[in-house]
Amino acid sequence: MGAHQNPGIEDVLKEAQSYIHDEKSLALISRAANYAAEHHAGQFRKSGEPYVVHLINVAYILATMRVGPATIAAGYLHDVIEDCGVSHDELAAEFTTEIADLVEAVTKIGTLEYKGKDDPEYQAANHRKIFIAMARDVRVIIIKLVDRLHNMRTLQYQSENAQKRIAAETLDVYAPIAHRLGISAIKNELEDLSFFYLNREEYYRIARLVEAKKIERDEAVNTMIREISEMLKGNNIEFRIFGRSKHLYSIYKKMVTKGKRFDEILDLLAIRIITRTELNCYEILGYIHAKYKPIPGRLKDYIAVPKTNMYQSLHTTIIGESGKIFEVQIRTEDMDAIAERGVAAHWRYKEGSKYDPKVEQKEIEDKLAWFKNFAVYSEDEAGHETASEYMARLQRDIFEANVYVMTPMGRVIDLPNGATPIDFAYRIHTDVGHTAVGAIVNDAMVPLNTQLHTGDVVQIKTMKGTGPSEDWLKFVKTNQARNKIRSYLQKKETERHESRVFDGEKILSDELRKRGFDVKEYMDKKKIENICKDFRVSNYTDLMYGIAVRSISPTAVCAHLTNQKGRVSEDEALSHLLNREVQKRTSKSGLVIPGIESMKMSLSHCCMPVYGDEIKGYITKGAGVKVHRVDCVNIARVKSRLIDVYWDDGDAERYYDSDVVVMAHDRSFLLTDIVTVVSQCRAPMESVSASVNHDTLTSTIKLTIRVHDVQHLQNVLANVRKIESVFSAERAVH
Ligand code: MN
């Protein structure tokens with residue numbers, strides 16, 4: 001565990017000045033440093049150091065990676081949204097939208113909650129995928145990696161539990177991301193730090209073994225370096241050569257995964273040669289193979305076929321004169337930079353060239369075909385498909401097939417593209433789905449059919465005693481939600497049917513009793529089944545249902561059952577027939593025009609009448625009768641073409657849409673309160689939108705609700721007016 005000295009703000013600037021010369025850019029970095037110091041003043045880390053020390057470290061590491069000024073600034077500012085309550089907009093106003101976006105994205109990823117390998121829902125691979133999907137700008141990932149690196153360097157101040165959890169997450173999620181980005185320096189350090197906290201015993205054991213063999217190994221390596229150097233100098237090739245040591249975790253991993261003994265791994269001595277050109281690389285390889293015996297099958301040409309993370313190098317394994325085995329890597333300076341700093345090397349800040357994050361991003365994505373294709377490649381896997389095939393496939397997998405959203409607690413839920421809060425609610429729990437009445441996405445109330453996007457934080461408002469609406473079936477995307485809604489509605493329907501059957505039985509018994517028959521004798525299922533065909537129904541329950549909904553006359557059933565047909569008066573028979581006629585005439589609109597049976601009628605959209613309103617029909621040209629409220633402005637001056645219309649006798653199940661406008665002094669949770677009250681009044685909500693007039697601080701909320709009748713609507717409005725800060729709630733006329 002190497003101790004790191006804390007850099008200061010001036011060290012960051014010095015590092016930046018080594019490759020950034022533009023005064024404005026340097027001023028931006030200084031401004032970000034001061035802003036962070038000011039806003040985090042009084043905050044301390046677990047180590048007891050002022051919080052700003054962490055931010056200076058992050059900015060400093062970023063500067064050593066030669067990232068652009070905006071990224072260094074964002075490094076300084078990466079915790080101000082989360083820890084100082086600074087908003088995105090404030091940050092954008094103070095700096096730039098680009099910087100505010102970076103900080104916001106880093107903050108958002110920070111709320112992802114990693115629950116460890118044991119929980120199947122939070123598999124590390126999935127987690128990495130979400131991470132990448134959320135951070136479409138590669139700079140966000142780099143900042144996040146550096147943030148994690150510094151947190152890992154200072155992990156000793158955390159509790160043992162926290163150390164283990166953070167180290168596990170680092171090993172499962174962050175180190176592989178660093179590997180994919182080709183930033184091996186960060187990857188190796190993250191791995192060794194995690195290894196130390198997760199398995200201290202093994203860490204120390206391997207460290208001791210490495211140390212014990214160090215002198216012997218160094219000697220062998222130095223001898224080999226001398227030999228190769230002399231040979232290459234003799235051939236006039238420019239080069240640098242050095243031995244390299246494997247990091248501890250890679251030794252441990254090889255022991256575990258390849259089942260090798262420690263000395264087998266450690267006996268592999270490693271040498272790296274850096275030269276000027278690609279051609280030099282092959283020349284050097286040639287000379288080495290001519291002098292030393294190569295082990296067959298161990299030559300790898302990653303220059304001709306780069307690894308998916310852009311890594312390029314020649315690898316070979318040779319047997320030295322001492323009989324020891326050496327791994328030799330040969331590459332150019334550029335290749336070496338990429339091997340150490342990966343994407344960050346490619347993406348070095350270029351002075352003078354106008355910085356365009358979109359162009360940069362595209363460039364990186366083109367170079368890193370895997371960037372969008374994160375999950376498919378496994379460790380060191382060479383591609384069998386072409387890069388573009390991978391890209392197309394994974395593009396679909398990650399960005400198109402799924403959206404990843406979160407609960408306010410950071411639990412990640414993956415849903416198909418186009419999924420809505422209702423799909424989300426059913427994924428959380430069936431009861432949450434059944435009782436959902438509202439959704440809050442990223443702190444704003446949205447309609448239940450809103451499409452969700454990756455990174456959205458979704459919260460569902462529920463209300464006991466409510467149930468899913470049939471309309472939900474029109475927009476849900478998951479089968480799970482669809483099936484649950486269907487089965488709920490079916491169950492309700494069955495229940496309703498059952499209670500109607502019960503009603504029918506009661507009506508028939510009453511009828512029998514009224515007429516002096518023995519109820520016990522005639523309420524006999526068999527006897528009743530026998531007369532079903534007389535009423536054109538197939539069984540007992542259908543007959544009872546018919547009686548309950550008045551499509552079958554209980555008097556007539558009673559007469560058939562007791563074989564007393566004659567006792568039913570003509571009047572009774574006739575009145576029942578009339579009843580059935582009325583029922584037939586009931587149009588779908590729930591409206592009647594006396595004397596006219598088949599007329600197309602619909603409720604006008606301007607005043608949206610509900611059952612119980614005083615209404616008038618307007619005979620349109622070709623679109624049937626439009627029904628308005630009598631006081632609707634749109635028919636106020638109309639003299640002709642008006643016709644009397646009446647509501648058909650109430651069907652309690654029916655709902656009418658009504659637009660409502662609520663005005664209130666703006667305050668927090670206003671919308672939530674309104675939605676809650678409306679739901680409590682059992683008025684399903686179709687849509688809601690709110691706007692705030694910032695001059696008067698007045699909020700205007702437009703709702704479309706569904707009510708049974710005018711009484712129901714008045715009740716809703718009266719209750720909404722009682723809400724604190726609401727000063728009016730009225731029906732809208734368009
Ligand atoms: Mn941080």
Side-chain angles (χ1 to χ4, degrees), residues 1-5 149 152-156 160 163-164 166-168 170-172 174-176 178-179 183-230 240-274 288 291-295 297-298 300 313 315-331 336 339-340 379-380:
M1 302 284 92
H4 290 265
Q5 200 144 30
L149 178 62
M152 284 301 292
R153 283 180 184 173
T154 51
L155 201 62
Q156 71 262 38
E160 206 181 313
Q163 286 176 349
K164 288 248 180 331
I166 295 167
T170 302
L171 200 56
D172 290 345
Y174 287 84
H179 177 63
I183 311 175
S184 56
I186 288 185
K187 177 209 146 209
N188 293 347
E189 193 178 343
L190 287 177
E191 282 185 348
D192 273 0
L193 284 163
S194 305
F195 182 33
F196 174 79
Y197 287 103
L198 288 172
N199 196 343
R200 220 168 281 213
E201 240 169 73
E202 278 295 286
Y203 178 92
Y204 279 128
R205 191 175 75 90
I206 291 172
R208 268 196 310 274
L209 288 166
V210 169
E211 191 57 35
K213 288 222 167 186
K214 194 173 182 305
I215 293 172
E216 190 191 324
R217 287 162 46 82
D218 283 355
E219 226 176 69
V221 167
N222 287 337
T223 309
M224 188 54 139
I225 285 176
R226 231 176 7 251
E227 285 177 23
I228 293 177
S229 297
E230 272 163 29
R240 293 195 285 132
I241 185 168
F242 47 91
R244 66 197 168 86
S245 54
K246 288 191 178 339
H247 68 295
L248 299 181
Y249 184 69
S250 76
I251 296 170
Y252 172 72
K253 213 164 58 174
K254 274 206 171 125
M255 288 167 67
V256 174
T257 60
K258 304 211 167 145
K260 291 202 169 160
R261 277 179 301 119
F262 177 76
D263 46 352
E264 284 179 281
I265 294 161
L266 215 62
D267 280 350
L268 269 179
L269 302 169
I271 281 173
R272 183 174 299 156
I273 304 167
I274 314 284
I288 287 176
K291 180 161 182 176
Y292 304 98
K293 189 177 175 340
I295 295 181
R298 295 298 300 269
K300 287 189 186 120
S313 196
H315 289 189
T316 186
T317 307
I318 54 170
I319 302 169
E321 270 160 6
S322 56
K324 284 195 164 22
I325 294 170
F326 289 86
E327 256 182 4
V328 183
Q329 298 177 343
I330 309 161
R331 53 174 83 142
D336 192 51
E340 291 298 309
E379 192 91 337
D380 292 327

[X] [atom1] to [Y] [atom2] distance, which is reported to the nearest 0.5 Å:
| X | Y | atom1 | atom2 | value |
| --- | --- | --- | --- | --- |
| Ile319 | Ile295 | CD1 | CD1 | 4.5 Å |
| Asn199 | Lys164 | CG | NZ | 8.0 Å |
| Tyr174 | Ile166 | OH | CD1 | 10.0 Å |
| Lys293 | Thr317 | NZ | OG1 | 12.0 Å |
| Ile271 | Asn222 | CD1 | CG | 9.0 Å |
| His315 | Arg272 | NE2 | CZ | 8.0 Å |

Quick one: closest heavy-atom pair of [X] and [Y], and the distance?
| X | Y | answer |
| --- | --- | --- |
| Gln329 | Ser313 | CB-OG, 4.0 Å |
| Ala339 | Arg331 | CB-NH1, 3.4 Å |
| Pro176 | Leu171 | CD-O, 3.3 Å |
| Ile206 | Tyr252 | CD1-CB, 3.5 Å |
| Lys324 | Phe326 | O-CD1, 3.6 Å |
| Met224 | Gly320 | CE-CA, 3.9 Å |

>> What verdict does the side chain to side chain contact (heavy atoms under 4.5 Å, CB included) test give for Glu189 and Arg153, after you've listed the backbone C-alpha separation in whole Å, the side-chain angles of each residue and the deciding distance to 0.1 Å?
In response: CA-CA 9 Å; Glu189 193 178 343; Arg153 283 180 184 173; 2.6 Å; yes
Check whether any side-chain heavy atom of [X] lies under 4.5 Å from a side-chain heavy atom of [Y], and answer yes or no.
| X | Y | value |
| --- | --- | --- |
| Ile288 | Ile273 | yes |
| Leu193 | Leu155 | no |
| Glu321 | Lys291 | yes |
| Tyr203 | Tyr249 | no |

Quick one: side-chain hydrogen bond (donor to acceptor under 3.5 Å, both in side chains) partners of [X], sequence neighbours excluded?
| X | result |
| --- | --- |
| Thr170 | Arg148 |
| Glu227 | Tyr292 |
| Lys214 | Asp218 |

>> My understanding is that only residues two or more places apart in sequence, or in another chain, count here; which of them pass side chain to side chain contact (heavy atoms under 4.5 Å, CB included) with Arg240?
In response: Phe242, Ile274, Glu333, Asp336
>> Under the rule for side chain to side chain contact (heavy atoms under 4.5 Å, CB included), what residues qualify as partners of Ser250, not counting sequence neighbours?
In response: Lys246, His247
>> Can you tell whether the side chains of Glu327 and Lys300 come within less than 4.0 Å, N to carboxylate O?
In response: no
>> Counting neighbours of CD on Gln156 that are heavy atoms of other residues, nucleotides or ligands and sit closer than 6.0 Å, is the number greater than 12?
In response: yes
> Residues in salt bridge (Lys or Arg N to Asp or Glu O under 4.0 Å) with Arg205, at least two apart?
Replying inline: Glu202
